[in-house]
Amino acid sequence: MKEVRVRFAPSPTGPLHIGGVRTALYNYLFAKKNGGKMLLRIEDTDQTRFVPGAEEYIIKSLDWCGIKFDESDIVGGPYGPYKQSNRKHLYKQYSDELIAKGCAYYAFDTAEELDKYRAEAEAQKKTFIYNAESRKNLRNSLTMSKEEVDALINAGTPYTVRFKMPENHIVEMHDIIRGDIKVNTNTLDDKVLFKSDGMPTYHLANIVDDHLMLISHVIRGEEWLPSMPLHVLLYQAFGWEAPEFAHLPLLLKPDGNGKLSKRDGDRLGFPVFPMQWENPETHEISSGYKQSGYYAEAFINMLALLGWNPGTEQEIFSMDELIEAFSFDHCSKSGARFNVEKAKWFNHEYLMKKSSEEVGKDYQAWLKAEKNIDADLQYVTKVAALVKDRVNFVKELWEQSFFFFEEPVTYDEVTVKKRWKENSAEMMRKAAEVINGINDFSAENIDRTLNEWITGNELGMGLVMNGLRLMLVGAGKGPHIHEILALLGKEEALKRIEKGIKALG
RNA sequence: GGUCUCUUCGUCUAGUCUGGUUAGGACGUCAGGUUUUCAUCCUGGUAACUCGGGUUCAAAUCCCGGAGAGACUACCA
């Protein structure tokens, strides 16, 4: 097998959404699995759709995901430049070559004229197609004399170059995921290859660049399947060997129908973008996985399993494990509906696997940023160790551990009603005495001492423990009492008990 | 409308090539257990082969036909 070379080729027309990230991921996994190269090519042939910051956003996002390129304008490479606007000068000769070979022709129809034809056809419930039939009646180099054409071009008349689609020819193609596909060229149209603004269209630039960059496998979304015949025909017209194709299933909306779009995210309460994006024009902010608290590893793991499976029951994969396991044999053909709950579960799994130190560090930063609390790292790490298994995200840690950072201000009404009995106050005074008497204030020792005291005096475990919880936490939740006591320290604990007794009486 | 693609639990999917499974797993959900609390966790349950024909002793799996869904249908990618 020849060297595997794949590319991810986004258009910088906005932020990359998770479908695009997955396409990049599968390209990356396939390349690495096969010891090949992965390159990034920016396809910015449409100058009217340029969005400032989009290219930088794409690069930063993929970097966060851990998808690294072997060749790009950033890291360099022997086939650059890797941005099509910087390759502009390359394309015209190929368009000329096709015309010389009789595979393409000049067309002088203006955009307005074509719009008019489409509107007229639509009025009769028909579709206007620029093809072998209609091109006979349109203004192009197939209907005009050479002199006429030369005169128009020399006069600077705008023109496009169109592919001359062969008539009644069956294009036989093979897709790695979908198998054999046949299409009759009569259903296809004469696509524009070269625009009147001097830029190639996607179709031309894509084929030329893939050829020049020695791409072996084209791995892209299913939305490209309809242009596959044109692309195959272009390779044939040039006399080039075509790469292999793999068209990936689409990512669908979690509700309703259709493919996932940029607007779905914040409408349904989950991000569609890897990282937060601010629209440079409207300054509207779209949320991102990173900012929502997802770990990149969890995000990638979740995305990898949307449309691919290992064939085993393993679900948690590191990037290296994904590379090892990846194969198109286990890619599905049908679109995958995105599921937020499962995404959260993945993050939960990764959060549990992380060390308390790591989670503690993130939580410490969160506390500073969100609550303006300067917490000691050692202390936060201990808190994280106690509660990290209970949440999906670092930001949810607060809900489970706020009482380690601030004393209770209110006491949960339902819990008070249920747990605070007539003799509770008296019991808490006694408990405070016992706690005050503990010298070795370790969780184990507190646990033992409290247990001995309660069982020895037949006081009722629930009465004492639930009462203490109310004093220390202000609610009926949290880790074991002895753990809370040990972390809070004797002084703080006693203070809270005293305060609680006063408050609840 | 036309062309192409797709179709297994609510969702992601295994199984289809090489017919014979109690159609498996995960998320969700429900129940139970653990826990002095809440959560986590553990155990169990729930729930699917798009429909109709055909071939066969036997069809999710092979064949034919319908239905539904999606993508594309720009001098956008």
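Naming: A, B, ... by sequence-line order, numbering from 1 per chain.
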Should the side chain of [X] and the base of [N] be counted as holding a donor-acceptor pair, with the cut-off at 3.5 Å?
X	N	value
A:T127	B:rG1	yes
A:R469	B:rU37	yes
A:R49	B:rC76	yes

Inset, instruction - Please work out whether the ring planes of A:F405 and A:W398 are parallel, tilted or perpendicular, with thresholds of 30° and 60°. - result: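 Judged by the thresholds at 30° and 60°, the geometry between A:F405 and A:W398 is parallel.
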Inset, instruction - Look at the rings of A:Y130 and A:F128 and say which category their plane angle falls in: under 30° parallel, 30 to 60° tilted, over 60° perpendicular. - result: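 Geometry flag for A:F128 against A:Y130: perpendicular rings.
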Taking only the [atom1] atom of each, what is the distance from [N] to [M] in whole angstrom?
N	M	atom1	value
B:rG15	B:rU21	C1'	9 Å
B:rC64	B:rU18	P	15 Å
B:rA60	B:rU16	C1'	7 Å
B:rU22	B:rC49	C1'	15 Å
B:rC41	B:rU35	C1'	10 Å
B:rG52	B:rG45	P	30 Å
B:rU29	B:rU11	C1'	12 Å
B:rU46	B:rA67	P	36 Å

Inset, instruction - Verify the ring-centre separation between A:F326 and A:Y26: is it less than 6.0 angstrom? - result: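 Yes - the distance between ring centres of A:Y26 and A:F326 falls below the 6.0 Å cut-off.
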Legend entry - A:F299 ring center near A:Y289 ring center (under 6.0 Å):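 Yes, the ring of A:F299 comes within the 6.0 Å limit of the ring of A:Y289, centre to centre.
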Classify [X] by what it touches in the nucleic acid, base, sugar-phosphate, or nothing, heavy-atom distance under 4.0 Å.
X	value
A:G307	sugar-phosphate
A:D109	base
A:S334	sugar-phosphate
A:K125	nothing
A:T48	nothing
A:H330	sugar-phosphate
A:S196	base
A:I181	sugar-phosphate
A:N309	sugar-phosphate
A:S332	sugar-phosphate
A:A111	base
A:K259	sugar-phosphate

What are the two closest non-hydrogen atoms of [X] and [Y], and how far apart are they?
X	Y	answer
A:Y82	A:S72	CD1-C, 3.5 Å
A:P52	A:W277	O-CH2, 3.9 Å
A:L188	A:I129	O-CG2, 4.5 Å
A:T185	A:P166	OG1-O, 2.8 Å

Inset, instruction - Starting from the 5' end of RNA chain B, give me the residue, A:T201 or A:L305, whose nearest nucleotide shows up first. - result: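 Looking at RNA chain B, the more 5' nearest nucleotide goes with A:L305.
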Inset, instruction - On RNA chain B, check which nucleotide each of A:K191 and A:N184 is closest to and give me the residue with the more 5' one. - result: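 Nearest nucleotide further toward 5': that of A:N184.
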Now, which nucleotide makes the Watson-Crick or G-U wobble pair with [N], with each of the two distances under 3.5 Å?
N	value
B:rU37	none
B:rA67	B:rU7
B:rC62	B:rG54

Could you please name the option among [options] that lies closest to any side-chain atom of [X]?
X	options	value
A:R337	B:rA77, B:rU11, B:rA26	B:rU11
A:N339	B:rA77, B:rC27, B:rU5	B:rC27
A:D46	B:rC75, B:rC76, B:rU5	B:rC76

To the nearest Å, how far apart are [X] [atom1] and [N] [atom2]?
X	N	atom1	atom2	answer
A:I170	B:rC4	CD1	P	9 Å
A:M461	B:rU36	CE	C1'	7 Å
A:E133	B:rG2	CD	C1'	16 Å
A:F346	B:rG28	CZ	P	11 Å
A:E313	B:rG24	CD	P	11 Å
A:L251	B:rA71	CG	C1'	14 Å
A:K342	B:rC9	NZ	C1'	13 Å
A:Q47	B:rA77	CD	P	10 Å

Inset, instruction - Using the ring-ring contact (aromatic ring centres under 6.0 Å, His included) rule, take A:Y294 and A:F346 through it: C-alpha gap first, then chi angles, then the decisive distance, then the call. - result: CA-CA 9 Å; A:Y294 283 85; A:F346 273 109; 9.9 Å; no
Inset, instruction - For RNA chain B, determine which residues of residues 219-227 of chain A have any heavy atom closer than 4.0 angstrom to one of its atoms, and list them numerically. - result: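 The stretch gives A:E222, A:E223, A:W224, A:L225, A:P226 as the residues lying under 4.0 Å from the strand, ordered by number.
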Legend entry - Within residues 401-412 of chain A, residues whose heavy atoms come under 4.0 Å of RNA chain B: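 By residue number: none to list.
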Legend entry - N or O in side chain of A:K195 less than 4.0 angstrom from B:rC76 OP1/OP2: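 A:K195 to B:rC76 OP1/OP2: side-chain N or O found under 4.0 Å.
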Legend entry - Side-chain N,O (A:R118) to OP1/OP2 (B:rC75) below 4.0 Å: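 So the side-chain polar atoms of A:R118 do come within 4.0 Å of the phosphate oxygens OP1 or OP2 of B:rC75, strictly under.
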Legend entry - Cationic tip of A:K253 above A:F338 ring, under 6.0 Å, 45° of axis: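 No, A:K253 does not sit over the ring of A:F338.
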Legend entry - Distance-only polar pair, side chains of A:Y159 and A:N140, donor-acceptor under 3.5 Å: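 No - no donor-acceptor pair under 3.5 Å links their side chains.
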Inset, instruction - Taking atom types as modelled, find out whether A:D209 and A:Q84 have a side-chain donor-acceptor pair closer than 3.5 angstrom. - result: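 Yes, A:Q84 and A:D209 have a side-chain donor paired with an acceptor closer than 3.5 Å.
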Legend entry - Under the salt bridge (charged side-chain N to carboxylate O under 4.0 Å, His left out) test, residues paired with A:D46 that sit two or more places apart: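 Testing A:D46 for salt bridge (charged side-chain N to carboxylate O under 4.0 Å, His left out), a comparison that skips the adjacent residues, returns A:R49.
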Inset, instruction - Would you indicate whether A:E56, at its atom CD, is surrounded by more than 12 heavy atoms from other residues, nucleotides or ligands within a distance under 6.0 Å? - result: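 Correct, the count exceeds 12.
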Legend entry - Test ring-ring contact (aromatic ring centres under 6.0 Å, His included) applied to A:Y94 - qualifying residues, sequence neighbours left out: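 ring-ring contact (aromatic ring centres under 6.0 Å, His included) check on A:Y94 returns A:F238, A:W240.
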Inset, instruction - Can you sort out the partners of A:Y202 under ring-ring contact (aromatic ring centres under 6.0 Å, His included), two or more places apart, ordered by chain and number? - result: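 For A:Y202, the residues satisfying ring-ring contact (aromatic ring centres under 6.0 Å, His included) (neighbours in sequence not counted) are A:W224, A:H231.
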Inset, instruction - Summarise protein proximity over nucleotides 38-48 of chain B in one line of letters, 5' to 3': B for base, S for sugar-phosphate only, - for none, counting protein heavy atoms closer than 4.0 Å. - result: BBSS-------
